[in-house]
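Down below is the structure, laid out as structure tokens.
Proteins come first, then strands; the chains are lettered A, B, ... in the order of their sequence lines, and each starts at number 1. Note that the coordinates shown come from a computational prediction; the quantities given were computed from them, not determined experimentally. Values below: every heavy atom of this structure, side chains too, minus hydrogens, waters and symmetry copies.
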Amino acid sequence: MQEQTGIPSVDHILSTIPPKKRLAKGPVAVVECFQEIPCDPCYTSCTTGAILPFEDINQLPRIDWETCNGCGRCVGFCPGLAIFIVDDTYSENESLVKIPWEFSCLPEEGEEVAGLNREGREVARVRIKKVQPSPKKNRAHILWLVVPRELAFEVRSIALKQGKQVDRGRKICLKTQLSADVKTLR
Amino acid sequence: MFDTEMLIIGGGPAGLKAALSAAEQGADVLLVDRNPYLGGQLVKQTHMFFGSQKQYASERGVTIAEILTREVLNSDKICVLTDTTALGYFEDKSVALEIKGTFKTVYPKRVIVATGAQENTLIFPNSDLPGIYGAGAVQTLMNVHGVMPGARVAMVGAGNIGVIVSYQLLQAGVEVVAIIEAAPRIGGYHVHAAKVRRLGVPIYIAHTVVEAHGRESLEGITIACLDEKWQPVKGTEIELEIDVLCISVGLSPLTELLFQAGCKMEYVPQLGGHVPYRSENLETTVAGIYVAGDVCAVEEASAAMVAGQIAGLAAAGSLGYKQNNYEAKLKDAKNELAGLRRGPAGEKVRSGLWALTIAAGEAV
Ligand code: SF4
Ligand code: SF4
């Protein structure tokens with residue numbers, strides 16, 4: 001399914017949802033990584049041991065929900081941007097969903113924006129609770145979204161701000177360019 | 001004319017790692033690259049890398065380029081020549097270099113060819129309209145020169161490069177209207193595909209570009225569904241209004257120097273095209289010529305870096321430089337490379353490799 005559309009299958013998504021009892025205890029990581037690829041930073045970045053050791057780097061990540069404290073460190077280190085934090089205890093009707101965000105257009109705290117599902121369809125208006133620099137310290141961010149509780153396992157992105165008119169050939173500001181000294185090396 | 005113990009051609013991930021590994025064992029290295037900077041394709045990679053911590057997982061490619069370039073520049077065993085093209089390999093085992101317009105011949109005792117690969121292209125009516133680029137070219141425009149390629153883009157190819165460049169276009173503020181893939185499945189990592197999907201970019205599998213339209217430059221394309229025989233199905237055409245089309249339909253190894261040197265080559269589609277026979281130490285059938293990176297198998301940069309380590313170590317070892325935990329390091333690197341290729345994602349490369357591996361010492 002994901003092989004055809006890019007969207008994880010329902011069964012895969014269901015397998016990522018922690019039991020109710022665990023959700024009632026507070027934030028927890030949700031790992032949406034369903035294909036065996038040579039990759040393991042989720043494991044190496046987690047300091048609590050909640051991501052179980054990899055016997056082979058190609059193995060799928062396995063998480064121990066009881067050990068996970070929802071700190072969100074792995075969210076910043078996962079190159080697949082496949083890990084999210086869900087805090088189902090945020091309020092009676094709302095959950096907090098933390099998503100990795102690698103765009104320079106940042107929403108503002110308190111702002112209401114379109115919450116998108118895994119297809120990129122708007123499913124709710126969500127409130128930006130916090131814009132947190134990524135624990136990886138690599139210019140990315142983690143966005144804290146306040147979403148309707150029933151959509152905690154549905155909202156996985158926010159809409160990109162509708163761009164201003166872009167002109168071909170326009171210079172863009174690059175935050176990721178090489179440092180000048182390395183680039184001009186002769 | 002000058003001598004060097006080891007000449008490494010290509011300063012991408014494989015060449016940089018090869019230079020560092022060889023220098024660490026004590027060999028003197030001359031590293032050449034035709035670009036004005038080192039890092040090869042890494043400098044355009046703004047996404048976080050997969051792989052293991054040892055291969056800089058979670059770092060952005062451009063950061064890895066910086067780390068490795070600094071290490072190379074800090075090594076007093078490595079001499080770097082940028083803006084330098086290796087023009088040819090001659091019978092007397094010399095290599096002709098063009099260094100910023102001047103011509104020099106070098107006689108290396110060992111050569112590591114780490115020239116990488118070039119993008120494949122796709123032919124369809126009007127495929128020569130301005131606005132139709134290789135995905136790598138668009139990456140260079142955006143991520144090296146900071147120039148916006150256009151406003152509305154479609155990508156052909158849902159392999160890792162196609163999907164990642166689509167994501168980078170979104171990051172630059174360009175609208176990506178579609179990713180078009182001829183195969184009936186997405187070839188790139190599914191987590192990459194999920195990133196662009198949740199931002200609303202549709203991925204059309206089993207589709208192809210029928211033709212492009214435009215007067216002076218690209219104004220749109222027609223795409224259509226492909227049947228099981230890869231033929232466009234009438235009546236399934238979709239029109240897309242775009243000003244840029246990116247082509248990302250695979251890479252072919254840059255093997256001219258290897259052909260010239262007389263290395264035994266084989267056409268292996270799983271590895272990207274013509275590739276050299278090589279030993280476990282990555283020595284070709286011509287003694288003293290080693291290979292690493294995409295030139296011997298098109299795969300991920302993490303694999304290229306480990307292959308560079310193997311070639312650098314082995315070439316230094318063959319010159320007698322084994323001062324720094326040589327055997328253990330070589331063994332570790334070989335295990336690591338096998339590990340990266342072990343999973344389903346490495347199956348294609350594995351299936352292409354078995355026939356090409358020659359026993360160590362078989363080189364002549
Ligand atoms: S949220 Fe923290 S504790 Fe939980 S898996 Fe991620 S890094 Fe480990
Ligand atoms: S770091 Fe992310 S992409 Fe890599 S294995 Fe872990 S969850 Fe999957």
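Atom OH of B:Tyr56 is surrounded by more than 12 heavy atoms from other residues, nucleotides or ligands within 6.0 Å. Within 6.0 Å of atom CD in B:Glu219, more than 12 heavy atoms from other residues, nucleotides or ligands are found, so the atom counts as buried in its surroundings. Taking a 6.0 Å sphere around CD of A:Glu150, one finds it holds more than 12 heavy atoms contributed by other residues, nucleotides or ligands. Other residues, nucleotides and ligands contribute over 12 non-hydrogen atoms within 6.0 Å of the CD atom of A:Glu112. No more than 12 heavy atoms of other residues, nucleotides or ligands sit less than 6.0 Å from atom CD of B:Gln53.
Residue B:Arg197 holds its CZ atom at 16.0 Å from CZ of A:Arg156, rounded to the nearest 0.5 Å. Atom CD1 of B:Ile186 sits about 9.5 Å away from atom CD of A:Gln35, to the nearest 0.5 Å. Between the OG1 atom in A:Thr5 and the CD1 atom in B:Ile205 there is a gap of 8.0 Å [rounded to 0.5 Å].
Contact annotation for A:Glu32: only backbone heavy atoms (N, CA, C, O) come within less than 4.5 Å of a heavy atom of chain B. With a threshold of 4.5 angstrom between heavy atoms, A:Leu116 approaches chain B through side-chain atoms but not through N, CA, C or O. In this structure, chain A has no heavy atom under 4.5 Å from any part of B:Pro202. In this structure, chain B has a heavy atom under 4.5 Å from the side chain of A:Asp56, while its backbone stays farther away. Of the atoms belonging to B:Phe49, it is backbone heavy atoms, and not side-chain ones, that fall under 4.5 Å from chain A. With a 4.5 angstrom heavy-atom cutoff, A:Cys105 does not touch chain B via any of its atoms.
Of the listed residues (B:Gln55, B:Arg198, B:Glu300), the one with the most heavy-atom contacts under 4.5 Å to chain A is B:Arg198. Most heavy-atom pairs under 4.5 Å with chain B, from the set A:Ala82, A:Ala159, A:Gly80: that is A:Gly80. Chain A forms more heavy-atom pairs under 4.5 Å with one residue of B:Leu199, B:Val201, B:Ile203 than with any other, namely B:Leu199. No other option in A:Ile37, A:Ile57, A:Thr44 has as many heavy-atom pairs under 4.5 Å with chain B as A:Ile37. Heavy-atom pairs under 4.5 Å with chain A were tallied for B:Gln171, B:His190, B:Arg185; the largest tally goes to B:His190. Each of A:Arg118, A:Gln59, A:Glu102 has some count of heavy-atom pairs under 4.5 Å with chain B, and the biggest count is that of A:Glu102.
Against chain A, no residue from residues 176-183 of chain B qualifies, as none has a non-hydrogen atom under 4.5 angstrom away.
Taking the side chain as every heavy atom from C-beta outward, A:Asn138 and B:Thr63 never approach each other to under 4.5 Å.
Listed for the A:Asn58 side chain is a donor-acceptor partner under 3.5 Å among the backbone atoms of B:Gly339. Distance alone, capped at 3.5 Å, places no donor-acceptor pair between the A:Glu36 side chain and the B:Gly343 backbone.
The nearest pair of heavy atoms linking A:Leu81 to B:Tyr167 is CD1-OH, 3.3 Å. Here the closest non-hydrogen pair linking B:Met48 and A:Pro79 is O-CB, 3.5 Å. Smallest separation of non-hydrogen atoms from A:Pro41 and B:Ala57: CG-CB, 3.6 Å. Annotation for A:Pro38 and B:Phe50: closest pair O-CB, 3.9 Å, computed over non-hydrogen atoms.
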